[in-house]
Amino acid sequence: MSLYLYNTLTRKKEIFIPIKQNEVSLYTCGPTVYNYVHIGNLRTFLFEDILVRYFKYKGYKVRQIMNLTDVDDKTIKNSIVHGLSLNDYTEIYKQAFFKDIEILNITPAEKYPSATDHISEMVKMITELEKKGLAYRSDGSIYFKINTFKDYGKLAHIDQENLRTGASGRVSSDEYEKENINDFVLWKAHTKDDGEVFWETSLGKGRPGWHIECSAMSMKYLGETFDIHTGGVDNIFPHHENEIAQSEGFTGKRFVNYWLHSEFLNIKGEKSSKSKGNVIYLKDLLEEGFSKEAIRFSLIQYHYRSKVNFSSDIILQSSATLDNLNHFINRCQQITKEHSDIHEQVQLILNKGLKGFEDSMDDDLNISSGLGSIFEAVNELNKIFDQLGKGDGHSIIDFLKQIDQVLGVLNFNQTILEEDIKKYIDERNVARKEKDFKKADQIRDYLKDMGILLEDTKEGVVWKKI
RNA sequence: GGCGUCGUAGCCAAGUGGCUAAGGCAGCGGUCUGCAAAAUCGCUAUCGUGGGUUCGACUCCCACCGACGCCUCCA
């Protein structure tokens, strides 16, 4: 079945048709490396991960580019405060970012270009925009003139009239040079606040504005028109709107076919953002003892266009859900029965589960509904678990491994049985046969202390690590 | 002021103009078990409020209440 994605540009679910068959070109707005990324940032990166993983699951080749914004007001300000060069300062947070996404099992992008490595590409673009009359100089800075771009506002669905009234009273004092309040800066003339951070270019001494990096780098690595551009909803305006204006102004071509935006993660009902101070970092959650899988699962299990009200409760619930699923895997791996009379029935259940999952995911990545199909399959399999044979167990594991290509949270390596543990289990079985339950319980408690939980089932003893 | 999203059980969360409103977590009761655990069965929702359209709405329309967001750096 075809994949449908909600396109912010049209406010509709649209069937996804890539420019090149079976290939996806994807640009995902990355972090500004002035601090650690917080849990809200990570939600967006995880949404993008699910998108990438699902494309790969469906057999697409994915080329994903994620930028690192390593020059802007905040990176400059913080580096000066800490007495470090801009590069030394941002390098700390680039590495921290890579570590965080690795912990959360996020598939790496093909490339993570940094803004500061692409100054010449940006200069070239700005020069051309100026030549075309879409930009103007003022006090050494260069601004994009939005009223030269007739489609300005098409992404955010804001018209230029509303922009003017909406922005009244919010003019910051250093922006008086602009002809129009919503014109945005392409190149910022150097000021003393920027310290040592500047580039001497044909445009003058200064640094790039924020929006231009994404246009320059996405087009460099993905072409003038590419398939998908993503980010958080807060990027819709002005960031992505401005990207469209400068990119389409520059090329005269359509910039991006599909714009996808993930909703916010709220904390105590409010948007989590560094400026509000209500931020949670990954390391906080790990220090509280939550597993990285539970954290990942708690952030991916909701639809990406729904707001999530984040709390430790949702990680606890996710953790319990994952434990149950992993335990199911464990039991499937320990099936001892050789033959099965119900193999066809099992296949039917698995096929239905897989179809349910795919149909849901095809519908704009409706993962909550997709998970429902998986749990339904697990439930049906549990009902007939006593009758399952080894072959069924393998089929079920294959099914879950397939699903987990997208989810990336399950544990298939739980049952490496050390010999001495096996000895204890045998010893306990003897005790049970002799109805020496006191001794049997002692062994069970002993193993529990060692982190091995035993379960007596009709098909024998099943154990798992806890 | 302009634009927009959302309000489904104790918590989280899908979904649909009309069959029993998915699923997860938690709880209670039963089955199974030497006891547990796991599993399983049962129980827990007049789908924010008030109107309207319709043979029929939780689903469409209007109003209201409430939550949140964008319009300014922000995932």
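The chains referred to below are lettered A, B, ... by the order of the sequence lines, with proteins before strands, and numbering in each begins at 1. A quick note: this is a predicted structure, and the numbers were derived from the prediction, not measured.
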Can you list every pair that meets salt bridge (Lys or Arg N to Asp or Glu O under 4.0 Å) and has a residue in residues 90-108 of chain A, with sequence neighbours left out?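 Checked against salt bridge (Lys or Arg N to Asp or Glu O under 4.0 Å) - neighbours excluded - the pairs reaching residues 90-108 of chain A are Asp70(A)-Lys94(A).
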According to the salt bridge (Lys or Arg N to Asp or Glu O under 4.0 Å) rule, which pairs have a member within residues 351-369 of chain A, sequence neighbours left out?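 The answer is Lys13(A)-Asp363(A), Lys58(A)-Asp362(A), Arg305(A)-Asp364(A), Lys352(A)-Glu380(A), Lys355(A)-Asp359(A).
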Can you pull the ring-ring contact (aromatic ring centres under 6.0 Å, His included) pairs that have at least one residue in residues 95-116 of chain A, sequence neighbours excluded?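 Residue pairs passing ring-ring contact (aromatic ring centres under 6.0 Å, His included), neighbours aside: Phe45(A)-Phe97(A), Phe98(A)-Tyr112(A).
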Can you pull the ring-ring contact (aromatic ring centres under 6.0 Å, His included) pairs that have at least one residue in residues 426-451 of chain A, sequence neighbours excluded?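 Matches after skipping sequence neighbours: Tyr424(A)-Tyr446(A).
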With sequence neighbours excluded, residues passing salt bridge (charged side-chain N to carboxylate O under 4.0 Å, His left out) with Lys390(A):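 Lys390(A) satisfies salt bridge (charged side-chain N to carboxylate O under 4.0 Å, His left out) with Glu338(A) only.
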Sequence neighbours excluded, which residues qualify as salt bridge (charged side-chain N to carboxylate O under 4.0 Å, His left out) partners of Arg428(A)?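 By the salt bridge (charged side-chain N to carboxylate O under 4.0 Å, His left out) rule, Arg428(A) matches Asp456(A).
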Among side-chain atoms of Tyr152(A) and Asn147(A), is any donor-acceptor pair under 3.5 angstrom?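 Short answer, no.
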Do any side-chain atoms of residues 315-323 of chain A form donor-acceptor pairs under 3.5 angstrom with protein atoms, and if so which ones, sequence neighbours left out?
| from | atom 1 | to | atom 2 | distance (Å) |
| --- | --- | --- | --- | --- |
| Ser318(A) | OG | Gln301(A) | NE2 | 2.7 |
| Ser318(A) | OG | Ile314(A) | O | 2.7 |
| Thr321(A) | OG1 | Gln317(A) | O | 2.9 |

What nitrogen or oxygen pairs link the protein and nucleotides 25-32 of chain B at under 3.5 Å?
| from | atom 1 | to | atom 2 | distance (Å) |
| --- | --- | --- | --- | --- |
| C25(B) | OP1 | Asn324(A) | ND2 | 2.2 |

Which residues, if any, of residues 438-448 of chain A bring a heavy atom under 4.0 Å of RNA chain B?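 The answer is Asp441(A), Arg444(A).
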Does anything in residues 297-310 of chain A reach RNA chain B, meaning a heavy atom under 4.0 Å, and if so which residues?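 Heavy-atom contacts with RNA chain B come from Tyr302(A), His303(A), Ser306(A), Lys307(A).
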If you write RNA chain B from 5' to 3' in dot-bracket form, with Watson-Crick or G-U pairs under 3.5 Å, [ ] for crossing pairs and | for pairs with another strand, what do you get? (((((((..(((.....[....))).(((((.......)))))....(((((..]....))))))))))))....
Ile80(A): partners by side chain to side chain contact (heavy atoms under 4.5 Å, CB included), with sequence neighbours left out: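 So Ile80(A) forms a side chain to side chain contact (heavy atoms under 4.5 Å, CB included) with Ile76(A).
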